[in-house]
Amino acid sequence: MVTNNSGKKGKVVVAMSGGVDSSVAAALLLEEGYEVIGITMQIWQPDEEEDERNGGCCSLTAVNDARRVADRLGIPYYVMNFQDLFAEKVIDYFTEEYLQGRTPNPCIACNRYIKFESLFQKAMGLGADYIATGHYVKNIYDQERGRYLLYKAEDMTKDQSYALYTMTQEQLARTLFPLGNYTKTVIRQKAAELGLLVADKPDSQEICFVTDNDYKRFLRQRVEPDRIKPGNFLNTQGEIIGRHEGLAYYTVGQRKGLGLALGYPAYVVALDPEKNAVIVGRDEEVFQQGLYAEDHNFIAFPELTEPVEVEAKIRYSAIPAPAVISPEADGRVKVIFQDKQRAITPGQAVVYYQGDLVVGGGTISEVIF
RNA sequence: AGGGGCGUAGCCAAGUGGUAAGGCAACGGACUUUGACUCCGUCAUUCGUAGGUUCGAACCCUGCCGCCCCUG
């Protein structure tokens with residue numbers, strides 16, 4: 001059985017969401033001999049009614065679940081308030097990006113600014129040697145390169161390396177990912193063996209602060225109406241083919257919700273903030289050869305100085321595709337794919353891999369048509 | 001006004017006497033720690049309307065309504 005020994009291997013703060021993964025992560029670290037402290041980040045204050053159902057990562061049930069697990073494991077447990085920071089770095093970013101005709105990835109922003117920046121600092125301030133999360137990903141120190149490297153998880157279906165490409169060497173040096181070598185199935189079994197009540201808790205999904213999975217409604221409620229203006233749907237020839245409700249409600253590659261009966265499936269090819277237009281086309285018109293990305297972080301090496309062959313991943317659920325990345329004079333990175341990719345979307349992250357190794361990544365700023 | 005054509009679901013559209021294809025859109029579900037994509041399911045007791053012929057009509061006939069084209 002798990003016992004809290006004196007932490008021969010160091011003190012680690014585990015970010016506990018109340019879910020299976022972070023709960024088992026804490027348990028595994030305990031077994032390995034770390035001194036474990038559980039912390040739940042309170043990041044979002046849901047409207048009374050919209051909460052609780054499935055227990056978002058910040059709902060009361062989440063905190064209660066996490067606290068129970070901590071009790072069960074016999075570790076200290078605290079709740080820390082990150083609501084203001086989350087509102088700024090994640091929610092504001094999320095809405096502003098949509099308003100500008102880009103498509104944000106809030107999970108990446110949360111990992112970057114909340115978990116691995118703010119929580120990280122507070123943990124270090126508490127005298128912790130490490131921070132740990134329930135992400136499915138591997139963090140390994142490479143002697144030859146003298147760098148900490150990030151690798152895809154053993155369980156490829158659960159791999160979350162895409163959402164962690166922003167991690168710096170300083171962060172990686174003091175971060176533990178106990179789940180990297182396990183499959184989700186094993187983790188659930190482990191939770192059951194430990195007698196954790198969260199063993200059968202469903203996987204979380206969707207955006208944690210958009211509990212009904214309707215981000216359009218979320219924007220409608222939070223943004224001043226005059227910031228979302230209706231405009232024209234244009235075909236790729238520039239002809240007006242209909243009216244849209246506002247750029248913020250559309251994203252590249254989208255099919256549903258356009259309301260355009262053209263006889264063939266119509267997809268959003270691009271958003272044009274200049275004209276406040278949504279460009280629509282056929283399926284084949286949404287495939288593009290490359291992109292420019294900015295705001296990079298490289299993990300496998302300090303910086304990109306010459307063209308490198310990689311497999312680039314354009315969205316969370318994409319299969320990495322062969323591409324060549326090369327540095328541009330303006331600091332951006334040019335990514336040219338071997339084969340055209342579907343719905344390359346400004347605002348989304350592009351993460352570069354070499355096999356299981358995360359080379360680095362950036363934010364897509366422009367699509368090369 | 002005269003001549004011709006058309007009127008099938010939200011859009012396009014097949015069906016010309018035997019009891020309403022299909023596509024698009026929409027809606028519902030599955031999938032999913034981002035938005036999307038994808039997949040599965042649902043979607044006209046009724047064919048502009050009123051009569052008539054027929055065992056039986058969206059399909060044939062007649063009136064009316066609406067729209068389009070041509071002529072003057």
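Order of the sequence lines sets the chain letters (A, B, ...), proteins ahead of strands, with each chain counted from 1. What you see below is based on every heavy atom in this structure, not just the backbone, and it leaves out hydrogens, waters and symmetry mates.
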- Message: Taking Phe116(A)'s backbone N and O only, do any of them form a donor-acceptor pair with Gln171(A)'s side chain (distance below 3.5 Å, no angle check)?
- Response: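 Yes: the side chain of Gln171(A) pairs with the backbone of Phe116(A).
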- Applying side chain to side chain contact (heavy atoms under 4.5 Å, CB included) between Val351(A) and each of Ile299(A), Val358(A), Ile108(A), report the one that passes.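 Option passing the side chain to side chain contact (heavy atoms under 4.5 Å, CB included) with Val351(A): Val358(A).
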Whole-Å distance between [N] [atom2] and [X] [atom1]?
| X | N | atom1 | atom2 | answer |
| --- | --- | --- | --- | --- |
| Gln254(A) | A36(B) | CD | P | 6 Å |
| Lys313(A) | C37(B) | NZ | P | 18 Å |
| Tyr93(A) | U34(B) | OH | C1' | 8 Å |
| Asp214(A) | G35(B) | CG | P | 11 Å |
| Asp155(A) | U32(B) | CG | C1' | 14 Å |
| Leu164(A) | U34(B) | CG | P | 13 Å |
| Phe218(A) | G35(B) | CZ | C1' | 14 Å |

- Query: For Asn213(A) and U32(B), is the shortest distance between a side-chain N/O and OP1 or OP2 below 4.0 Å?
  - Reply: no
Under 4.0 Å, heavy atoms only, any strand: does [X] hit a base, just the sugar-phosphate, or nothing?
| X | answer |
| --- | --- |
| Val252(A) | base |
| Tyr215(A) | sugar-phosphate |
| Pro104(A) | base |
| Asp283(A) | nothing |
| Phe94(A) | nothing |

- Note on the structure: By nearest-heavy-atom nucleotide on RNA chain B, the more 5' of Tyr267(A) and Thr345(A) is Thr345(A)
- Message: Within the supplied structure, the quantity of interest is the number of heavy atoms (other residues, nucleotides, ligands) at a distance under 6.0 Å from Ile368(A) CD1; does it exceed 12?
- Response: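 More than 12 heavy atoms, drawn from other residues, nucleotides or ligands, come within 6.0 Å of this atom.
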Which protein N or O atoms sit under 3.5 Å from an N or O of nucleotides 23-27 of chain B?
unit_1 : atom_1 : unit_2    : atom_2 : d
G23(B) : O2'    : Gly263(A) : O      : 2.5
C24(B) : O4'    : Gly263(A) : O      : 3.4
C24(B) : O2'    : Leu260(A) : O      : 3.3
C24(B) : O2'    : Leu262(A) : N      : 3.0
C24(B) : O2'    : Gly263(A) : N      : 3.4
A25(B) : OP1    : Arg255(A) : NE     : 3.2
A25(B) : OP2    : Arg255(A) : NH2    : 2.8
A25(B) : O3'    : Gly259(A) : N      : 3.4
A26(B) : OP1    : Gly257(A) : N      : 2.7
A26(B) : OP1    : Leu258(A) : N      : 3.3
A26(B) : OP1    : Gly259(A) : N      : 3.2

- Are the side chains of Tyr113(A) and Phe82(A) in touch, meaning some heavy atoms are under 4.5 Å apart? no
- Query: Do Tyr250(A) and Phe233(A) have ring centroids that are under 6.0 Å from one another?
  - Reply: yes
- Intra- and interstrand pairs of RNA chain B - dot-bracket, Watson-Crick/G-U under 3.5 Å, | marks other strand: ((((((((.[[[..)..(...]]].(((((.......))))).....[[[[[..)....]]]]]))))))).
- Gap separating the CD atom of Glu245(A) from the CG atom of Leu258(A), nearest 0.5 angstrom: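 Answer for the CD-CG pair, Glu245(A) versus Leu258(A), is 10.5 Å.
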